[in-house]
Asks: 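Below: one structure in structure tokens.
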Amino acid sequence: MGTIIQLMNNTVRVRFAPSPTGFFHIGSARTALFNWLYARHTGGTFVLRVEDTDKERNTEEALRVLYEGMRWLGLDWDEGPEAGGDYGPYFQSQREDIYKSYLEKLRASGRAYDKEGAVFFKISGEAQVIQDAVRGEVSRTEEKDFVIFRSNGTPVFHFVNVVDDIEMKITHVIRGEDHLSNTSKHVELFKAFGAPLPTFAHIPLILKSQGSGKMSKRDEGALIEDYASRHFLPEAVRNYLCLLGWSPKDDREILSIEEIIKLFDLSGINKNNARFDERKLSFINADYVRKLPLETLAWLTRPMLTQAGVLEEGCDEDYFQSVLAISQEKVKDLESMPDFLKYFFKEDYSQDEKAHKKIFKKPEAKTRLEEIFGLFKSQEVFTAEALEPAVEALATEHETGTGAYIQPVRFAISGQGMGPSFYPLLEVLGKDRVIGRIESFLAAS
RNA sequence: GUCCCGUUCGUCUAGCCAGGCCCAGGACACUGGAUUUUCAUUCCAGUAACAGGGGUUCAAAUCCCCUACGGGACGCCA
């Protein structure tokens with residue numbers, strides 16, 4: 001019952017108004033995310049409006065990139081393209097009549113005039129004060145009249161943006177701080193139309209990780225679609241983005257989206273710009289990958305391994321599952337899974353030269369390998385449980401530590417200096433593979 | 001150049017509005033140690049910051065002013 005009352009009283013309407021450019025910038029994504037979070041937090045409406053007044057940019061491909069990016073991040077919109085709504089059309093290119101009628105209002109009140117073929121808006125010259133939900137009171141005075149319709153008859157951004165916000169009954173304008181200086185223009189227009197001002201919330205910008213300035217599309221890691229193609233988990237990217245300019249205030253960082261929605265509010269947004277740090281994103285992503293349910297990990301990994309030629313058709317499902325089960329805790333991302341897991345399925349796996357050098361610079365390493373080879377051959381029960389005490393006994397017998405055996409063996413059977421826990425690794429690989437690989441390794445060296 | 005916004009560890013941030021509990025807490029990264037077993041996991045420890053100056057106050061990271069630095073906007077782009 002509480003929800004019904006909440007719905008009736010709720011008037012929050014926010015919008016994300018991107019220009020389809022053919023890529024989905026991480027800064028735009030974060031703006032979309034904050035709008036979406038605020039809508040979900042308040043039970044309000046999240047509108048997607050496509051600002052395609054620049055007709056050359058309005059391509060199918062550019063729209064596809066936008067929709068896919070939004071959906072990948074889980075940012076579903078309540079109104080907009082493909083969703084409908086009572087305030088459409090949601091493409092600015094289809095709203096010409098609305099803009100014309102608003103222009104007439106300005107002409108009638110003497111606030112618009114023609115000059116040099118374009119239409120100019122006559123400013124009031126007064127200081128425009130806004131109560132920004134993030135920054136507090138901000139005052140700015142517009143100095144000169146500005147163009148609202150180009151000489152080719154099309155309206156410009158400041159004009160359509162305000163008209164649409166009025167028409168679509170937007171209550172909160174949450175956007176990047178790069179628009180803060182534009183706001184005085186917008187406020188002039190709202191007032192000229194006699195429309196109430198929305199609440200503005202100017203969120204900090206995302207700065208590039210190296211050098212100066214805000215993140216631009218050419219910077220490393222600037223595009224959402226790159227994270228998708230590099231197999232980052234969208235939940236992880238979204239979680240990281242939430243932390244750029246906002247925090248739950250209680251030292252937690254990895255949070256479910258439900259928890260974030262509950263805690264998110266405009267008052268909790270920071271004022272200062274945030275530098276993008278892919279290392280932290282990678283850490284968060286790794287944490288999400290390690291905590292994935294095994295079935296989900298399998299579902300995500302199988303096509304990658306198949307495509308990389310690591311996994312054959314009809315591979316034993318139980319074996320695949322147990323490989324993932326022992327590997328998951330050591331995984332740092334999905335992208336490297338084919339390389340990381342190749343030796344479980346193929347014999348032509350690569351060898352890490354550095355690890356080889358490090359391990360076999362000790363002259364006894366080969367001897368240890370020969371000693372344990374004998375043990376493995378006579379080992380009837382090839383399970384982690386049985387192998388561990390056997391290797392420990394062998395180490396005691398030869399007055400050394402188990403590490404002296406583990407390192408050369410791991411390298412001989414996997415070509416790596418690291419990987420899943422040792423004894424489970426032996427069990428999953430199985431006696432035949434382990435013995436065969438040690439034998440050929442010994443023969444080759 | 002003009003205007004607007006900002007400034008806590010290398011980075012993201014907590015604390016600031018309601019000054020004392022902060023010789024400043026957490027996380028990433030880094031360094032060292034532990035897991036009598038390597039490791040990209042896990043655990044423990046360590047290094048590391050209130051931009052500078054002035055003021056208000058018994059007391060300032062927290063309030064005020066100035067300077068410096070950083071970011072943004074100044075388009076018939078969005």
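Just so you know, these numbers come straight off a predicted model, no measurement behind them. Numbered from 1 within each chain, the chains take letters A, B, ... in sequence-line order.
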Asks: Aromatic contact between A/F373 and A/F441, with the criterion being ring centroids under 6.0 Å apart: yes or no?
Replies: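 No - the distance between ring centres of A/F373 and A/F441 does not fall below the 6.0 Å cut-off.
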Asks: Students often get this wrong, so: under 4.0 angstrom with heavy atoms, is A/E388 touching a base, only sugar-phosphate, or nothing?
Replies: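 Since a base atom lies under 4.0 Å of A/E388, the category is base.
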Asks: Taking any heavy-atom pair under 4.0 Å as a contact, classify A/E116: base, sugar-phosphate, or nothing.
Replies: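 If one applies the 4.0 Å heavy-atom cut-off, A/E116 turns out to touch a base.
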Asks: Starting from C1' on B/rG75, measure out to CD on A/E142 and report it in whole angstrom.
Replies: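 Going from A/E142 (CD) to B/rG75 (C1'), I get 13 Å.
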Asks: Which whole-number value in Å describes the distance from A/R135 CZ to B/rG6 C1'?
Replies: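 Rounded to whole Å, this separation is 7 Å.
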Asks: Under the 3.5 Å rule, do the base of B/rU11 and the side chain of A/R275 count as making a donor-acceptor pair?
Replies: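 Check fails, no donor-acceptor contact within cut-off.
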Asks: Check the distance between B/rG26's P and A/I254's CD1 and give it to me in whole angstrom.
Replies: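 About 17 Å, once rounded to whole Å.
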Asks: For A/K271, report the nucleic acid contact type (base, sugar-phosphate, nothing); a contact means any heavy atom under 4.0 Å.
Replies: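 Result for A/K271 = sugar-phosphate.
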Asks: Let me know the distance between CD of A/E392 and P of B/rU38, rounded to the nearest Å.
Replies: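 The distance from CD of A/E392 to P of B/rU38 comes to 13 Å, rounded to the nearest Å.
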Asks: Is the base of B/rG26 touched by the side chain of A/E253 through a donor-acceptor pair closer than 3.5 angstrom?
Replies: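 Under the 3.5 Å cut-off, the side chain and the base do form a donor-acceptor pair.
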Asks: Looking at CD1 of A/I372 and NZ of A/K377, how far apart are the two atoms once the value is rounded to the nearest 0.5 Å?
Replies: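 These two atoms lie 13.5 Å from each other.
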Asks: Taking 4.0 Å as the cut-off, does a side-chain nitrogen or oxygen of A/S212 come that near to OP1 or OP2 on B/rG71?
Replies: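 Affirmative; the distance criterion is met.
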Asks: Let me know the distance between NZ of A/K214 and P of B/rA78, rounded to the nearest Å.
Replies: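 To the nearest whole Å, that distance equals 15 Å.
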Asks: Side-chain donor-acceptor pair under 3.5 Å between A/Y405 and A/E371, yes or no?
Replies: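 Their side chains do contain a donor-acceptor pair, which is all the 3.5 Å distance test asks for.
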Asks: Please report the shortest heavy-atom distance between A/A298 and A/Q321, naming the atom on each side.
Replies: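 It is CB-NE2, 3.9 Å.
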Asks: Reckon A/L180 touches a base, only the sugar-phosphate, or nothing at all at heavy-atom distances under 4.0 Å?
Replies: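 Sugar-phosphate, no base atom in range.
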Asks: Scan A/R140 against the nucleic acid and name what it touches under 4.0 Å (heavy atoms): base, sugar-phosphate only, or nothing.
Replies: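 If one applies the 4.0 Å heavy-atom cut-off, A/R140 turns out to touch the sugar-phosphate alone, with no base involved.
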Asks: Between B/rC76, B/rA78, B/rU37, which one does the side chain of A/N182 approach most closely?
Replies: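 Taking heavy atoms from C-beta onward, the closest nucleotide is B/rA78.
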Asks: Students often get this wrong, so: under 4.0 angstrom with heavy atoms, is A/S209 touching a base, only sugar-phosphate, or nothing?
Replies: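 No contact at all - A/S209 keeps every heavy atom at 4.0 Å or more from the nucleic acid.
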Asks: Scan every strand shown for a Watson-Crick or G-U wobble partner of B/rA61, both distances under 3.5 Å, and answer none if you come up empty.
Replies: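 B/rA61 is unpaired by these criteria.
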Asks: Applying a 4.0 Å non-hydrogen cut-off, can you work out what A/S139 is touching in the nucleic acid: base, sugar-phosphate, or nothing?
Replies: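 If one applies the 4.0 Å heavy-atom cut-off, A/S139 turns out to touch the sugar-phosphate alone, with no base involved.
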Asks: Taking pairing as Watson-Crick or G-U wobble with both contacts under 3.5 Å, can you name the mate of B/rU2, or confirm there isn't one?
Replies: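 By the stated definition (distances under 3.5 Å), B/rA73 pairs with B/rU2.
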Asks: Does A/G403 reach a base, just sugar-phosphate, or nothing at all? Heavy atoms under 4.0 Å.
Replies: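 Answer is sugar-phosphate: A/G403 comes under 4.0 Å of backbone atoms only.
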Asks: Please state how far atom NE2 in A/H202 lies from atom C1' in B/rG71, giving the value in whole angstrom units.
Replies: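 Interatomic distance, NE2 of A/H202 to C1' of B/rG71: 15 Å.
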Asks: Base, sugar-phosphate or nothing for A/D132? Non-hydrogen atoms, less than 4.0 Å.
Replies: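 No contact.
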Asks: May I ask you to verify whether the side chain of A/S181 and the base of B/rC74 hold a donor-acceptor pair under 3.5 Å?
Replies: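 Per atom types, no contact qualifies.
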Asks: What is the distance from NE2 of A/H179 to P of B/rC4, rounded to the nearest Å?
Replies: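 After rounding, the gap between these two atoms is 19 Å.
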Asks: Could you measure between the two C1' atoms, the one in B/rA49 and the one in B/rA40, and give it in whole Å?
Replies: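 Between the two C1' atoms, the distance is 30 Å.
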Asks: Does B/rA51 pair with anything, Watson-Crick or G-U wobble, both distances under 3.5 Å, and if so, with which nucleotide?
Replies: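 When the pairing criteria are applied, B/rU67 turns out to be the nucleotide that pairs with B/rA51.
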Asks: Counting any heavy atom closer than 4.0 Å, what does A/K208 reach on the DNA or RNA strands: base, sugar-phosphate only, or nothing?
Replies: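 The answer is nothing, as A/K208 stays clear of every strand by at least 4.0 Å.
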Asks: Please give the nucleotide sitting opposite B/rA27 as a Watson-Crick or G-U wobble pair, both distances under 3.5 Å, or none.
Replies: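 Across all strands, the one nucleotide that pairs with B/rA27 is B/rU11.
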Asks: Starting at CD of A/E329 and ending at P of B/rU38, how long is that distance when rounded to a whole Å?
Replies: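 Checked: the CD to P distance equals 14 Å.
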Asks: Partner lookup for B/rU38, please. Criteria are Watson-Crick or G-U wobble with both distances under 3.5 angstrom; report none if nothing qualifies.
Replies: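 With both distances under 3.5 Å required, B/rU38 matches none.
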Asks: Mind checking who B/rC43 pairs with, Watson-Crick or G-U wobble, both distances under 3.5 Å?
Replies: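 Because both required distances fall under 3.5 Å, B/rC43 counts as paired with B/rG33.
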